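All figures in this text were calculated on a predicted structure; none of them were measured in a lab.
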Amino acid sequence: MSQIPAARSQDLAPCRTCGRRFAQDVLLRHDPICRKVFNKKRKPFSSMEQRLQGTEIMTVRKQHPQKKQPEKKSNWRQHHEDFINAIRSAKQVTKALKEGRPLPPPPPPSINPDYIQCPHCSRRFNEAAAERHMKFCEEQAARRAFAAKTTRPVGKKLVTQRKPPAAAALPHRKRAQEGSQYR
Ligand SMILES: [Zn+2]
Ligand SMILES: [Zn+2]
């Protein structure tokens, strides 16, 4: 990717594989390596990647393309932690029941990388819940956007949007609606 000074470009020959230009002696070394790399890159990419892309399009859709899901990595560690936490809290509940003490509070929801973040409210849900929630949340967001639009007369289409429609809605109204989303 390093740029070649224009003055020397006449001494350079293009690589037949990648099209970059190199000095003759460099090209001799580069050519076999480049072809090897190029062949590797042309291998069909994994179906896992395809599936990930598919779900991302399904769940995030056109809403906030910049808010991407975190990479799915070290899932086993997260699952293990969740598992341990679940057992621990279950034991505490059993113990509290035996001793007649008030039940301990439920464990804080861990940030599970498997969970899908709602693009509207940034809360995270498992796959099944996310599907239901986001449909609902999207409606709420659209309603807020619609309300913001109708309360403020707009003569022509706004070219520059300073704030997303949801954020432009009345704050107290927004909070009240969000509160009702907890189930
Ligand atoms: Zn090359
Ligand atoms: Zn939401």
Atom of L27, atom of P14 and distance for their closest heavy-atom approach: CD2-O, 4.0 Å
Listed partners of R101 passing salt bridge (Lys or Arg N to Asp or Glu O under 4.0 Å), at least two apart: E99
Reported CD1-to-CD distance for the pair I116 and E131, which is rounded to 0.5 angstrom: 8.0 Å
Straight-line distance of I33 CD1 to H30 NE2, nearest 0.5 Å: 8.0 Å
H133 vs C121 side-chain heavy atoms within contact, under 4.5 Å: yes
Nearest non-hydrogen partners of M134 and Q117, listed with the distance: SD-O, 4.2 Å
Gap separating the CZ atom of F125 from the SG atom of C118, nearest 0.5 angstrom: 6.0 Å
All side-chain contact (heavy atoms from CB on, under 4.5 Å) counterparts of D31, not counting sequence neighbours: C15, R16, T17, R35
Nearest-0.5 Å distance that lies between atom OG1 in T94 and atom CD in Q92: 9.5 Å
